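For reference, the structure discussed in these notes is given below.
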Amino acid sequence: MQQRESGGKYRMTSFKEQAIELVAAGLDRLDPGIRADNGIDVAQMIEVPPSGELGDYAFPCFALARILRRSPVEIAQQLAEVVEKPPWLAKVEAVSGYVNLTLDRGQLADAVLRAAIEEGRSFGSAPDRGKTVVIDYSSPNIAKPFTLGHIRSTVIGESLARIFEHRGYKVVRVNHLGDWGTQFGRLIVAYKRWGDEERLAEGAIKELFRLYVRFHEEAEKDPSLEDEGRAWFLRLEQGDREATELWRRFRALSLEEFESMYQRLGIRFDDYTGESGYNDVLEQTVQALEDKGLLTESDGALVVELGDDMPPCIIRKRDGATLYATRDIAAAIRRYEKTRFDWMFYVVDSRQSLHFQQVFAVLKKLGMEWADGMEHIAFGTLIFGEEIMSTRKGNVIFLEDVLNEAVERVRQIIEERNPTLTDKEQVAEMVGVGAVVFNDLAHNRIKDVVFEWDRLLNFDGDTGPYVQYTHARACSVLSKGREQGELPLESGFAAYEWEDQEIDLIRLLGRFGDVVETAKEAREPSTVARYVLDLAQKFNAFYHSNRILGNERAPLRLAIARAVKEVLAAGLYLLNVQAPEKM
RNA sequence: GGCCCCGUAGCUCAGUGGAUAGAGCAGCGGUUUCCUAAACCGCGUGCCGGAGGUUCGAUUCCUCUCGGGGCCA
């Protein structure tokens, strides 16, 4: 992550820091010792006023009222008088109990526009913090389709990865493939009975999924198939050559298809070690728990008691099989040994919440202090019609079909509205896929999502295409300006008088870094999605009421358009949505 | 039964311990000789589920309660 050379003066954060210092100094002048005596932290109290007219920063005086036994309004007035006003501040004024600070417009414009234009995608980024975060996301099951159900984890996880990178973290992307379990015994049975090599070559996952569904249908009529499946899984666990070869083949074929989906979505994982990758450490994990005296027996199973708050965590079932939890515990330990992570996130459906609490609690009992850095990043369930989608019943929607449908719809819209567009195919792909991805990131992750074609394929209003359109529009104005010999101003922004609407946009641009930081702290990509929608809306309104080209303010307004374009692109990047230059 | 999450406009949802609670969709009306109309503008009195409590101030925090969903047994 690069850091600008130009010093603190041109960074938004430094305005804020300096504002905090000024207010703190003012408070000391008003009443020396008041801060120390009452633990007043100006940095924590300072806020952003609801509208730009009120200023850029606000310090509320209500908490001081009781200490000083005077009204907030009075305190604000006195404080405003003693706060020093350097040239970069236009105003320091008391308004209904707040001390509001307004930046000099030229200074603000200079800081924001220069940084946005020069830094582009890394605008608002933080320097390297020397911390590592492991993010475990997507994690589909081998031999099963990549459905719409997988999109949430995939898209939220990738966006969080980008947000953390932007804020100066090293990110390790882990795909914990579901590549082990009794279902592979069943799959081998089904393959040996009904497998079709030709179909497998055409589309491995579609064929494997067909076998999976067929197995469950047939097993209803003939329960002995289940026994056969168990027997094959046992052979697999014991390293039987035929079983292992088949399993390897299914895994490789599935992974190949997943990879092409990830490529389409622009995602690359650092690590594909799935559940099978921890087979060799399960025993020692159980042993470690035993050595610590954490295991107790319950109905023939081995469990770790976790107190009254939680049910016990089952480590090994009566029949000797280890569980999901054991595997996650083993995986966490190995990942820590490999990466020494500061945080590890599991981007998984909220229904798994208890499972993760138990895993974290067991690790803590094992003495792993680093388990404090583990978090379950829970998200709501995808609901299709009346019911939750079930793979077993086969009522699934393939993500590929959804993406194709969206792209097709975009293609039609292009034909209607912009038939002369070049690169129609690429644009349709960017916008169609972008619409689906953005749609998933636009709401708080914890909310359940109801799948509706109409909503997904409506590209008006708060959607990805709306933001992309705005980006393309900004690009278009810039290129038209270039044709007409009008270029954006590159520096010296401080020397101009900026109009209200212009400065409002600039102020909003300047908040980008803080927005990403907030998104990072809350592990909430929707914060960035909301911001980008807001910025697009404000720019569109500006565009309609102000002429950019062909007037004396063109260089200034082109600079704003340029900055808007850069920040929209930066925001879309964090959401893993492409930013087309034309559409 | 225990635990977790959600409850804001007709629908889908933002929002924050503070300055008038906001968007999108749907609906109605308007804007293009001019930079992309996938756009913009106008039309919104919502017991912020209910009741207590903490606070100078609660839609936001706490307790209880009702409704919806989930997990565990």
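We name chains A, B, ... by the order of the sequence lines, and we start the count at 1 in each one. Basis for what follows: all heavy atoms, side chains included, without hydrogens, waters or symmetry-related copies. This one's a predicted model, so the numbers in the text were calculated from it and none came from an experiment.
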Please write out each protein N/O paired with an N/O of nucleotides 22-26 of chain B under 3.5 Å, distance rounded to 0.1 Å.
residue: G24(B); atom: O4'; partner: Asp462(A); partner atom: OD2; Å: 3.2
residue: G24(B); atom: O2'; partner: Asp462(A); partner atom: N; Å: 3.4

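- In this structure, Lys582(A) has no salt bridge (charged side-chain N to carboxylate O under 4.0 Å, His left out) partners at least two apart in sequence or on a different chain.
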Point to revise | Sugar-phosphate or base contact per nucleotide [nucleotides 2-9 of chain B; S, B, -; heavy atom under 4.0 Å] | key: ---SSS--
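- G22(B) and G46(B) have their P atoms separated by 14 Å, with the value rounded to a whole Å.
- The pair Lys364(A)-Asp372(A) meets the salt-bridge criterion, with a side-chain N (NZ, NE, NH1 or NH2) lying under 4.0 Å from an Asp/Glu carboxylate O.
- Side chains of Thr102(A) and Asp56(A): a donor-acceptor N/O pair is absent below 3.5 angstrom, by distance only.
- Within the 4.0 Å cut-off from OP1 or OP2 of C56(B), at least one side-chain nitrogen or oxygen of Arg66(A) is found.
- Rounded to whole Å, atom P of A14(B) lies 12 Å from atom CG of Asn439(A).
- A close approach under 4.0 Å does occur between a side-chain nitrogen or oxygen of Tyr466(A) and OP1 or OP2 of C40(B).
- Mapping Tyr98(A) and Asn444(A) onto RNA chain B by nearest heavy atom places Asn444(A) at the nucleotide closer to the 5' end.
- Look at Asp500(A) and Arg105(A) and you find a salt bridge, because one of the NZ, NE, NH1 or NH2 atoms lies within 4.0 Å of a carboxylate O, short of that distance.
- Aromatic rings from Phe345(A) and Phe164(A) are positioned such that their centres are separated by under 6.0 Å.
- Listed by first and then second residue, the side chain to side chain donor-acceptor pair (under 3.5 Å) pairs that reach into residues 34-43 of chain A are Asp28(A)-Arg35(A), sequence neighbours excluded.
- Taking the C1' atoms as reference points, A37(B) lies 13 Å from G30(B), given to the whole Å.
- Residues meeting the side chain to side chain contact (heavy atoms under 4.5 Å, CB included) test with Val73(A), sequence neighbours left out: Ser71(A), Gln77(A).
- Using cut-offs of 30° and 60° on the angle between ring planes, the pair Phe360(A) and Tyr346(A) is tilted.
- With respect to Glu517(A) and Lys520(A), a salt bridge is recorded, a charged nitrogen being found less than 4.0 Å from a carboxylate O.
- With sequence neighbours excluded, no residue forms a salt bridge (charged side-chain N to carboxylate O under 4.0 Å, His left out) with Glu21(A).
- Atom name P, nucleotides G2(B) and G49(B): the rounded distance is 25 Å, in whole Å.
- Between the CG atom of Asp448(A) and the C1' atom of G68(B) there is a distance of 10 Å, given to the nearest Å.
- For the P atoms, the distance linking C47(B) with A9(B) amounts to 7 Å, nearest Å.
- Remark: Glu581(A), Lys582(A), Met583(A) in residues 573-583 of chain A come within less than 4.0 Å of RNA chain B through at least one heavy atom.
- One P atom belongs to U59(B), the other to G27(B), and the distance between them is 34 Å to the nearest Å.
- Judged as a side chain to side chain contact (heavy atoms under 4.5 Å, CB included), and not counting sequence neighbours, the contacts of Arg482(A) are Leu478(A), Ser479(A), Leu487(A).
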Check your understanding: Dot-bracket for RNA chain B, 5' to 3', counting Watson-Crick or G-U wobble pairs under 3.5 Å, with [ ] for crossing pairs and | for inter-strand pairs?
Key -> (((((((..((((....[...)))).(((((.......))))).....(((((..]....)))))))))))).
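- The shortest distance between the side-chain N/O atoms of Asn551(A) and the OP1/OP2 oxygens of C35(B) is not below 4.0 Å.
- With U36(B), A38(B), C40(B) as the candidates, the nucleotide lying closest to the side chain of Ile414(A) is A38(B).
- Heavy atoms of other residues, nucleotides or ligands lying less than 6.0 angstrom from CZ of Arg264(A) number more than 12.
- Side-chain proximity of Pro49(A) to the nucleotides A19(B), U36(B), A38(B) is greatest for A19(B).
- Atom CG of Leu382(A) is separated from atom C1' of G70(B) by 15 Å (rounded to the nearest Å).
- Between the C1' atoms of U55(B) and C61(B), the separation comes to 10 Å (whole Å).
- Within the structure, a side-chain polar atom (N or O) of Arg473(A) is placed less than 4.0 Å from OP1 or OP2 of A37(B).
- Atom C1' of C25(B) sits at a distance of 14 Å from the matching atom of G44(B), rounded to the whole Å.
- Residue pairs meeting the ring-ring contact (aromatic ring centres under 6.0 Å, His included) criterion with at least one member in residues 528-574 of chain A, sequence neighbours excluded, are Phe512(A)-Tyr531(A).
- Taking every heavy atom of residues 474-487 of chain A and every atom of RNA chain B, pairs under 4.0 Å involve Ser476(A), Val477(A), Lys480(A), by number.
- C6(B) sits 11 Å from A14(B) when the P atoms are compared, rounded to a whole Å.
- Where Ile413(A) and Arg445(A) meet RNA chain B, the nucleotide closest to each residue was compared, and Arg445(A) sits on the side nearer the 5' end.
- Not counting sequence neighbours, His443(A) has no partner by the ring-ring contact (aromatic ring centres under 6.0 Å, His included) test.
- Nearest nucleotide to the side chain of Val431(A), out of A38(B), G69(B), A19(B): A38(B).
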